[in-house]
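Everything on this sheet refers to the single structure shown next.
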Amino acid sequence: MHGVKQVRYSREALAAKKEREQAKLKEYQSLTAEVLARKKSRNHSPESFGLTTKLLQINPEFYTVWNYRRSILLNGLFPERAPPEVNDLLSDDLALTTTLLKQHPKVYAIWTHRQWCLQQVPEGPSKADPHGWRQAYWNKELFVVERMLDADPRNFHAWNYRRYVLAEMPVKRSETSELAYTKRKIEANFSNFSAWHQRSKVLTSLWDAGKLDRKKSLEEEFDLVKNAMYTDPSDQSVWIYHRWLIGPGDDQNIVEREIASIQELLDEQPDSKWCMESLVFYKTLLIRRHGDLYPSERRQDLVRECLKLLGKLQDLDPDRRQRYIDLSQDSLYASN
């Protein structure tokens with residue numbers, strides 16, 4: 001690798017290194033065999049629990065061991081303990097997953113176990129405050145997942161987990177605040193597909209509940225996505241979100257307006273693949289949804305424009321040439 005100083009080992013050093021690696025492998029194999037044997041015999045002792053910790057610290061993707069760990073908690077450790085002690089055990093396990101996620105932020109099994117821990121939190125700390133522990137955990141989880149997204153804004157595991165936390169919190173966070181959060185993430189990085197996706201989920205919920213003026217907010221979204229398009233017209237996530245905003249194309253005026261806006265961008269960026277693809281998509285959509293409102297000559301013009309763009313795309317993107325040929329047939333079919 002460039003910029004990395006190569007280290008030359010002597011024959012003795014290489015042999016010692018290989019010996020250490022083999023020793024670690026034997027230790028891992030031995031530990032794995034012992035844990036699986038205990039699992040088979042349904043040993044739910046604290047000693048077995050400790051061995052799963054040791055093994056998962058070496059290999060956090062070992063899903064079978066995570067399952068065994070949960071079985072030990074449910075069948076061996078929880079039944080013998082009062083709620084405060086159960087709460088302490090869960091707190092320790094959440095701390096373990098936090099440590100592991102810092103090194104392995106995209107391992108499904110770690111996120112799954114973290115979610116399971118939250119589902120096991122008992123009522124407490126008192127009858128007067130039965131949701132106190134749970135609310136404290138949920139508030140902390142939101143903080144943890146935001147730190148994870150600060151480290152990697154496009155980690156879809158963290159975004160999925162964030163949706164779970166927001167949905168399950170005993171005291172719900174307002175969806176408008178989540179809308180503001182996604183906007184901050186998007187404006188920091190327009191290529192954050194997960195943030196665009198989360199935004200579409202929140203907007204849909206707000207629209208369905210009648211908590212947000214759909215027409216007004218939709219125009220604001222078009223302004224936001226237009227800014228992203230002009231900033232980086234090659235970013236796929238922006239164009240996918242734009243298609244989501246257009247939807248089935250029921251509003252003819254909006255589709256025509258957006259076609260004009262994209263054409264302006266194409267005039268500035270004549271080799272923009274996504275501009276061309278989107279113009280073909282929306283013009284074909286116009287023909288299919290509103291073709292009866294156009295005279296025959298206008299429909300034929302739209303088809304010719306699509307075919308011209310698809311011809312350019314074949315030259316610009318030869319690896320997908322057959323796809324553009326197929327789309328040409330679709331455009332011709334839509335006009336009939």
side-chain hydrogen bond (donor to acceptor under 3.5 Å, both in side chains) contacts in which one or both residues fall within residues 50-59, not counting sequence neighbours: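 Applying side-chain hydrogen bond (donor to acceptor under 3.5 Å, both in side chains) to every pair that reaches into residues 50-59, excluding sequence neighbours, yields Tyr28-Asn59, Thr52-Arg69, Thr53-Arg69.
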
Where do [X] and [Y] come nearest, in terms of heavy atoms and distance?
| X | Y | value |
| --- | --- | --- |
| Trp239 | Pro233 | NE1-O, 2.8 Å |
| Thr97 | Arg114 | OG1-NH1, 2.6 Å |
| Pro105 | Asn155 | O-ND2, 3.1 Å |
| Val255 | Gly249 | CG2-CA, 3.9 Å |
| Tyr63 | Ala109 | CD1-CB, 3.5 Å |
| Val145 | Ala158 | CG2-O, 3.2 Å |

Decide, yes or no, whether a salt bridge links [X] with [Y] under the criterion of side-chain N to carboxylate O below 4.0 Å.
| X | Y | result |
| --- | --- | --- |
| Glu305 | Arg298 | yes |
| Arg184 | Glu146 | no |
| Glu219 | Lys215 | no |
| Arg323 | Asp317 | no |

Regarding [X] and [Y], is there a side-chain donor-to-acceptor distance under 3.5 Å anywhere?
| X | Y | result |
| --- | --- | --- |
| Ser194 | Asn192 | no |
| Ser41 | Asn43 | no |
| Glu178 | Gln198 | yes |
| Asn160 | Tyr108 | no |

Given side chains that start at C-beta, do those of [X] and [Y] come closer than 4.5 Å, heavy atoms only?
| X | Y | answer |
| --- | --- | --- |
| Asp232 | Phe190 | no |
| Tyr181 | Leu149 | yes |
| Leu286 | Tyr294 | yes |
| Leu56 | Ile110 | no |
| Asp235 | Trp274 | no |
| Ile325 | Arg321 | yes |
| Leu266 | Leu309 | yes |
| Glu258 | Ser278 | no |

Apply the test side-chain hydrogen bond (donor to acceptor under 3.5 Å, both in side chains) to residues Glu268 and Tyr230: give CA-CA distance (whole Å), side-chain angles for both, the deciding distance (0.1 Å), then the verdict. CA-CA 9 Å; Glu268 294 182 14; Tyr230 274 78; 4.9 Å; no

Go through the structure and list residues passing salt bridge (charged side-chain N to carboxylate O under 4.0 Å, His left out) with [X], not counting sequence neighbours.
| X | value |
| --- | --- |
| Arg147 | Asp150 |
| Asp213 | none |
| Arg199 | Glu221 |
| Lys273 | Glu277 |

[X] [atom1]: over 12 foreign heavy atoms closer than 6.0 Å:
| X | atom1 | answer |
| --- | --- | --- |
| Asp292 | CG | no |
| Glu61 | CD | no |
| Lys172 | NZ | yes |
| Arg70 | CZ | yes |
| Gln119 | CD | yes |
| Lys283 | NZ | yes |
| Arg257 | CZ | yes |

Residues two or more places apart in sequence or in another chain: which of them pass ring-ring contact (aromatic ring centres under 6.0 Å, His included) with [X]?
| X | answer |
| --- | --- |
| Tyr164 | Trp138 |
| Phe193 | none |
| Tyr241 | Trp196, Trp244 |
| Trp66 | His113 |

Candidate pair Ile72 and Tyr68, rule side chain to side chain contact (heavy atoms under 4.5 Å, CB included), full reasoning: CA-CA 6 Å; Ile72 294 172; Tyr68 178 37; 3.6 Å; yes

Determine yes or no for a side-chain-to-main-chain donor-acceptor pair under 3.5 angstrom, with [X] supplying the side chain and [Y] the backbone.
| X | Y | value |
| --- | --- | --- |
| Thr231 | Asn227 | yes |
| Ser30 | Lys26 | no |
| Gln135 | Val171 | yes |
| Thr99 | Ala95 | yes |

side-chain contact (heavy atoms from CB on, under 4.5 Å) involving [X] - partner list, sequence neighbours excluded:
| X | value |
| --- | --- |
| Arg289 | Asp250, Leu285 |
| Asp271 | Leu316 |
| Leu89 | Leu73, Leu77, Phe78, Arg81 |

Any chain of hydrophobic side-chain contacts (each under 4.5 Å) joining Ile58 to Phe49?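 Yes; tracing contacts between hydrophobic side chains, which count when under 4.5 Å, links both residues.
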
Mind checking the CD-CG spacing from Gln314 to Leu310? Nearest 0.5 Å is all I need.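 That separation rounds to 7.0 Å.
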
Verdict with supporting geometry, Leu142 and Arg162, side chain to side chain contact (heavy atoms under 4.5 Å, CB included): CA-CA 7 Å; Leu142 203 54; Arg162 182 182 179 85; 3.8 Å; yes

Hey, mind stepping through Ser200 and His197 against side chain to side chain contact (heavy atoms under 4.5 Å, CB included) and telling me if it holds? CA-CA 5 Å; Ser200 70; His197 178 66; 4.1 Å; yes

Show, in sequence, the C-alpha distance, side-chain angles and deciding distance for Trp133 and Leu90, and conclude whether the side chain to side chain contact (heavy atoms under 4.5 Å, CB included) test is met. CA-CA 11 Å; Trp133 282 334; Leu90 291 168; over 6 Å; no

Aromatic centroids of Phe222 and His242 separated by under 6.0 Å: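 Yes; Phe222 has its ring centre under 6.0 Å from that of His242.
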
